[in-house]
Every structure is written in structure tokens, then in C-alpha cells.
Amino acid sequence: MSSALKQAVSDLSIPVSWGQIRGKVWGPEHGRPVLCLHGWADNCGTFNTLIPLLPKEYRYVAVDLAGHGLSSHRPPGAFYTIIENVADVRRVVAGLRWTNFSIIGHSMGGSIAAMFSALYPEMVDTLVLLDSYGFVATDSKELPEVLRKVMVAMFQFEEKPEEKKRVYTYEKAVERLSAANPTMTEHSVRVLLERGLVQVEGGFTFSRDLRINFKNPWRMCLEQSLEMQSRVRASVLLVLTDKGFNRTLFEPSQRKFTSTLLRGLQDRNHTVVTVPGDHHVHLNEPEVVAPIVSDFLRNRARSQSNHGQHKL
């Protein structure tokens, strides 16, 4: 793996009104474009071990979402929501001058990818969801309470006097991130910390914006989620893990809708597979996921070249 990781990788910076969206690029300049979106509290390093195992003829761009990794934080007073991230994806692909591409999204990145694919169906030909159902539904009866909690958390944060971020030694930062992500290997933790730490006097601080810890205030009920799901025209590969998202990360009000959302994908003849592993299997054990993703990308590319733009 270490030799594979030494393949040519370049840095990316896309200017936005509040700063920059940063990221990394793999592959030939004119390769088939693939945008890679990481999960909550991670950064684009989550794809460091997977991308070197994927087809070499593709151009992979993995970005740090706003407030994560090396990308700029949102302005004071702003919330971090899925829809804001979707707008950022549109800004990134405009900066890249991409008009048709594939997306690989892990966890929250999968939700952003699916929403973008629903809003801009003509732009996305292939969608790979890694331990993410794409759309997450919240019980409509619980929406007001959820939204109020988000507001309370934000206002409490804003009322605090300016606090300095906690400073860690590197090894203590490894311990902290490992404790927060018990299914992640130590190697995976160290990979994420390459972009997840900022060196300061006396040690390191985590680079991510503390506001990302608030619950996402932009929610949809089941009916809205299914409507959005129906707007996706891309071919979809959903890679679930047997010890992952559905078992550990959903709120109770969301978990009860996953079977309906899954059936919506299956009814449209999308591809759903389950692999052994946990939520970060693509980073911990990329060899488990890479063959499935590689075959899907190549089969869809072959299908599109043989039959023109597919219709689902």
C-alpha cells in the first residue's frame, strides 16, 4: 500500500466567497472525472487508501468539505447543513469546469452526493454511496424539536466568550480521535490527522470547526426523501457494511425509515451490496471495497460508451 500511495498526487484549492475549498487530486488530467466526498468530522484523507486501488484511468478529486480538514470555516453565524454542502459541490465542479462526472460519497458525503444528484441529475452519471443511504428521513412529528435543539446549541455557542482551542501533543490527538472513532484503526486515525491537525505553539489543535458538532438542521421527512431519491438519474451503487451506519449512527427517528429508502433504490434496479466491516471499512480495509467500486465504475463507463447516455 505504501508504494501505491506514492503515485502522483497534487493539491487542489478552489476559491469561494469566504475562503477556499481545499483537496487532493489523483490520476491523469483528462481521465474520467470522479468527485469524492468524505463523512462528518473526517476529511479528504479518508480516501487515501482507497483511491490508489481504483481504476487508474480516472481523475479523482477529493475535497475537504467546509469546516473540515484544510478548507476554510464558514463565516460567523452560519450553520453547517447538507444543502450548504451541496451548494459547495456546485461551486467546486464549476471551478473544475466539470459538466458530467461520477461521485463517491462516504456517510454524510453520500447524503451530499445524493442530494446533488437529485438537484443536478444531468451532471452525475454514476453515484457510489459508501455506508450511506443517500437520503436520511426524520419523523415529521419530531422535526420541530430537532430544529429547536439545533438553534439552542448554536446560540449557546455564540454566547460563550472566545475560547482557545485545546492544544494536544500529537500522540494525545491520536488518542482523542481514536476514542471518538473506536472502529477506526490507528493507521486510519493517523491518515486523517494529516489534514485534521494544525500545529500551534505547544502542540496541535484540531483543524475542524467546532460548529460541525451541532446536529444538521436541514431535515426532510420520508415523503420528501423519497421524492428526492426518485429524481436521481445516475446509476447507483450502495455499499453497506454489516457493522456500520444503520446499526450505530442513525437517530431512532431515522432508523425506522431505512428499509423504505433501501427499497426505493432496489425498485429502480440500483446495485446494493453488503460487505463485512465497520463504518470506515473503505479506509481501514480498502481492499474489501475497491473491487466492487472498480467493477461498478468500469461497467457503467462501458455501458455508457456502448449505448450513449443511459436512462433509468
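In this text, all values refer to a predicted model and were calculated from it rather than measured experimentally.
The two atoms that bring G110 and L129 nearest to each other are O-CD2, 3.5 Å, heavy atoms only. The shortest non-hydrogen separation linking V136 to L261 is CA-CD1, 4.4 Å. Counting all heavy atoms, side chain and backbone alike, R211 lies closest to F157 at CG-CE2, 3.6 Å. The two atoms that bring Y58 and L297 nearest to each other are OH-O, 3.1 Å, heavy atoms only. F79 and E84 make their closest contact through O-CG, 4.2 Å (heavy atoms, listed as atom of the first residue, atom of the second, distance). Heavy atoms only, all atoms of each residue included: L262 and V272 are closest at CD1-CG1, 3.7 Å.
Contact of the K243 side chain with the H279 side chain is not registered, since no non-hydrogen atoms from C-beta on lie closer than 4.5 Å. A 4.5 Å side-chain heavy-atom check between E142 and R219 finds every atom pair outside the cut-off. A heavy-atom distance below 4.5 Å is not found between the side chains of V289 and L53. Side-chain contact between S230 and R268 is present, with heavy atoms from C-beta onward closer than 4.5 Å.
A salt bridge is absent between E145 and R148; no separation between the charged side-chain nitrogens and carboxylate oxygens falls under 4.0 Å. The residues R208 and D64 are annotated as not salt-bridged, no charged nitrogen and carboxylate oxygen being separated by less than 4.0 angstrom. R298 has a carboxylate O that lies under 4.0 Å from a charged side-chain N of E57, or vice versa, which qualifies the two as a salt bridge. Salt bridge E194/K24: absent, no basic N to carboxylate O contact under 4.0 Å.
Judged by the 6.0 Å distance and 45° axis criteria, R176 is not positioned over the aromatic ring of Y168. Geometrically, R74 engages W18 in a cation-pi contact, judged by NZ or CZ lying under 6.0 Å from the ring centre and within 45° of the ring axis.
Distance alone, capped at 3.5 Å, places no donor-acceptor pair between the R300 side chain and the S235 backbone. A donor-acceptor contact shorter than 3.5 Å is absent between the side chain of T205 and the backbone of K165. Formation of a donor-acceptor pair under 3.5 Å by the T271 side chain with backbone atoms of L237 is not found in this model.
Once rounded to the nearest 0.5 Å, the distance linking CG of L240 with CG of L130 reads 10.0 Å. Taken from CG in N48 to CZ in R195, the straight-line distance is 8.0 Å, to the nearest 0.5 Å. Separation of atoms NZ (K149) and CE (M151) is listed at 14.5 Å; rounding is to 0.5 Å. Atom NZ of K172 is separated from atom OG of S178 by 12.0 Å, given to the nearest 0.5 angstrom. F47 CZ to D42 CG: the interatomic distance, rounded to the nearest 0.5 Å, is 9.0 Å. Within the model, atoms NE2 of H68 and CG of N85 stand 7.5 Å from one another, a figure rounded to the nearest 0.5 Å.
Remark: E223 CD is loosely packed, at most 12 non-hydrogen atoms of other residues, nucleotides or ligands lying under 6.0 Å away.
Shown are R231, Q229, Q224; of these, the side-chain hydrogen bond (donor to acceptor under 3.5 Å, both in side chains) with E227 is made only by R231.
Side-chain contact of D131 with T241: a donor-acceptor pair under 3.5 Å is present, judged by distance alone.
V9 and L283 sit in two unconnected hydrophobic clusters of ILVMFWY residues. Membership requires side-chain heavy atoms under 4.5 Å apart, directly or through other members. Residue I212 is not grouped with residue M184 when hydrophobic side chains (ILVMFWY) are merged at heavy-atom distances under 4.5 angstrom, including chains of intermediate members. Both V86 and V61 are part of a single hydrophobic cluster, where members link through side-chain heavy atoms under 4.5 Å apart. Follow the hydrophobic side-chain contacts under 4.5 Å out from M108 and you reach M228 in the same cluster.
Using a 30° and 60° split on the angle between ring planes, F204 and Y170 fall in the perpendicular class, above 60°.
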